[in-house]
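Report on the structure given below.
Every chain is numbered from 1, with letters handed out A, B, ... down the list of sequences. What you see is a predicted model; the values in this text were computed from it and never measured.
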Number of protein chains: 2
Amino acid sequence: MQVARNKQRRTERRADLVDAARRAMLEHGSAVRLNQVAEVAGLTSGAVLYHYPDLQELLLEAHRAGMERFYDQRLRAVEGVTDPVRKLVMTITSGLPVDSEDEDVRLLCELGGAAGRNTVYAALLTALYDRQVSMYQVILEIGAAQGVFSLKDPSLTIGRNLVALEDAYGYRMMARHPSIDHAAASRLILDYARLATGHPLPAD
Amino acid sequence: MQVARNKQRRTERRADLVDAARRAMLEHGSAVRLNQVAEVAGLTSGAVLYHYPDLQELLLEAHRAGMERFYDQRLRAVEGVTDPVRKLVMTITSGLPVDSEDEDVRLLCELGGAAGRNTVYAALLTALYDRQVSMYQVILEIGAAQGVFSLKDPSLTIGRNLVALEDAYGYRMMARHPSIDHAAASRLILDYARLATGHPLPAD
DNA sequence: CCGCTCTTTGAATCCGCATTCAGAACGAAA
DNA sequence: TTTCGTTCTGAATGCGGATTCAAAGAGCGG
């Protein structure tokens, strides 16, 4: 079955290119050149075009991959944690870039800038936002049901505000705000979470 | 004194170009072409280069102008209002794009995407953020001094979170989130402001 | 109306990029 | 080793944008 093997190597190669495109966008922004992607991949532009005749499609895949990477990482960071308080705190922490060099978040910021003009990118980001809101809603509702949290607003409202704060502080950190680093941003968001849940949330 | 008149017209012409660049960026993003700027200005690329030999400098000025426009507009929206409650509510409202087509905010979003790679843009955005935070701090402190607000966190914390929420919902609106429009975003931010100020803030 | 300077044009030039493609290189099976 | 399909290269082509510049145009004082 050489046919199956070929098919597999083909998808592997395409995945390599998606990752190269992702890294190239980190360096050159959303308006990255085909040559720049090829250079990162260690290939010529022709080879890239052989696998992805349409560069736009490749960039879209790269953005999608970056989003999934970010989201999966968050899920993995809190998997197995059952205590709602710990889970909420850890989720907030995992939604912020680790530092101003964080690759995944930088890519999302690039995407955010382009989303104003590109409806496909806009749809991707909107979907990611809503998924993250749902993630928070589950945590909040479980905590409320257990009597740990006493929510001062609907879980949808709190979830939306929490994700919004994460996004905004992500941008601030990417822009290297001198006094807002990962710890400071965490504290700011936790201050809101405390008010909204009525729980003194240890900083951990 | 033809010398003085010349100088004035020269600066006027440069201001025209800055505005043309601003509008061109709205259409084509931060990576706008010289030709596109020239077209918006109703000139040829050579004429643009005559006034701004360096395109990067022109784009920087355009971004700076866009920021000032946005900030001045906010200040003007609340000037003359003395009641802290009304002032807070109006400030929150004025910080959000009016709709998903809002030019000033779209430009700021473009800028946000580029700030991850461009330190000058990053500095501009950071300065704008801090100015807006200060704006909120003044309102909050006055309201607290008058006994209208009972702040649940330091004014710096609340101000930072308020501006962060505005920024984030600005991005959401630019990405045309189906259920977050100007009214919904206002409500979400006001929900936080209520918790943080201990005041029932009428929606107005 | 003339002459001066500042401004703008339009053409020429150069450069970099995307795109195409013939053929080289590679790898697997026979 | 030969054959055959897949992958990749490197050169050719063509387009679009940046940049330069001589010359035309426009405004203004004399």
Side-chain angles (χ1 to χ4, degrees), chain A residues 1-63 110 113-114 117-118 120-121, chain B residues 1-63 110 113-114 117-118 120-121:
Chain A
M1 265 282 145
Q2 74 282 42
V3 192
R5 186 129 23 104
N6 280 345
K7 193 159 196 174
Q8 187 192 339
R9 279 197 317 189
R10 181 176 170 76
T11 47
E12 270 174 25
R13 211 78 192 86
R14 280 172 66 102
D16 288 347
L17 286 180
V18 167
D19 197 61
R22 190 183 61 81
R23 276 177 285 143
M25 277 193 289
L26 288 172
E27 200 173 342
H28 303 103
S30 290
V32 70
R33 313 273 165 207
L34 174 60
N35 290 330
Q36 298 166 332
V37 175
E39 192 188 0
V40 173
L43 294 174
T44 59
S45 60
V48 175
L49 247 30
Y50 173 78
H51 293 282
Y52 275 97
D54 181 7
L55 180 64
Q56 293 312 310
E57 193 189 331
L58 173 57
L59 296 185
L60 178 62
E61 282 308 312
H63 274 302
E110 290 284 350
R117 278 167 297 104
N118 185 319
V120 181
Y121 289 173
Chain B
M1 265 280 148
Q2 75 281 42
V3 192
R5 186 128 22 105
N6 279 345
K7 193 158 197 174
Q8 187 191 340
R9 279 199 316 188
R10 182 176 169 74
T11 48
E12 270 174 27
R13 209 79 192 87
R14 281 171 65 103
D16 288 346
L17 287 180
V18 167
D19 197 61
R22 190 184 61 81
R23 277 177 286 143
M25 277 193 290
L26 288 172
E27 202 173 340
H28 303 102
S30 289
V32 70
R33 313 272 165 210
L34 173 59
N35 290 331
Q36 297 166 332
V37 175
E39 190 188 1
V40 173
L43 294 173
T44 59
S45 60
V48 176
L49 247 32
Y50 173 77
H51 293 281
Y52 275 96
D54 181 5
L55 180 65
Q56 292 312 308
E57 193 189 330
L58 173 56
L59 295 185
L60 178 61
E61 283 307 313
H63 272 303
E110 290 283 350
R117 279 168 296 107
N118 184 320
V120 180
Y121 289 171

*With respect to the side chain of B:L34, which nucleotide from D:dT19, D:dC8, C:dT19 is positioned closest?*
D:dT19
*Which whole-number value in Å describes the distance from A:R14 CZ to D:dT6 C1'?*
15 Å
*Verify side-chain contact (heavy atoms from CB on, under 4.5 Å) between B:D19 and B:R22, making sure each step is shown before the conclusion.*
CA-CA 5 Å; B:D19 197 61; B:R22 190 184 61 81; 3.2 Å; yes
*The side chain of B:R13 lies closest to which of these nucleotides: C:dT8, D:dG17, C:dA18?*
C:dT8
*Candidates D:dA18, C:dC17, C:dT8 - which lies nearest the side chain of A:N35*: C:dC17
_Residue B:E39 excluded, over 12 heavy atoms near CD under 6.0 Å_ = no
*Got a sec: does the CD of A:Q36 have more than 12 other heavy atoms crowding it under 6.0 Å?*
yes
*Starting from P on D:dG5, measure out to CZ on A:R10 and report it in whole angstrom.*
16 Å
_Between B:R10 and B:H51, does the side-chain contact (heavy atoms from CB on, under 4.5 Å) criterion hold? Intermediate values first, please._
CA-CA 8 Å; B:R10 182 176 169 74; B:H51 293 281; 4.3 Å; yes
*Taking atom C1' of C:dA18 as reference, at what distance in whole Å does atom CD of A:E39 sit?*
16 Å
*When you measure from the side chain of B:T44, which nucleotide among D:dG10, C:dT19, C:dG10 comes out closest?*
C:dG10
*Counting side-chain heavy atoms from C-beta on, which of D:dG10, C:dC17, C:dG27 comes nearest to A:R9?*
C:dG27
*Looking at A:Y50, does any N or O in its side chain come under 4.0 Å of the phosphate oxygens OP1/OP2 on D:dT7?*
yes
*Nearest to side-chain heavy atoms of A:S45, which nucleotide of D:dC8, C:dT19, D:dA18*: C:dT19
*Which is it for B:L34 and B:Y52 under the side-chain contact (heavy atoms from CB on, under 4.5 Å) test, yes or no, and what are the steps along the way?*
CA-CA 11 Å; B:L34 173 59; B:Y52 275 96; over 6 Å; no
*Tell me which nucleotide among D:dC8, D:dT20, D:dG17 gets nearest to the side chain of B:L49.*
D:dT20
*Spacing between A:L55 atom CG and C:dT20 atom P, to the nearest angstrom*: 13 Å
*Think A:H51 has a side-chain N or O under 4.0 angstrom from the OP1 or OP2 of D:dT6?*
no
*asked:* Which nucleotide wins on minimum distance to the side chain of A:L43, given the candidates C:dT8, C:dA18, D:dC8?
replied: D:dC8
_Of the options D:dC8, C:dT7, C:dC17, whose atoms approach the side-chain atoms of A:R33 most closely?_
C:dC17
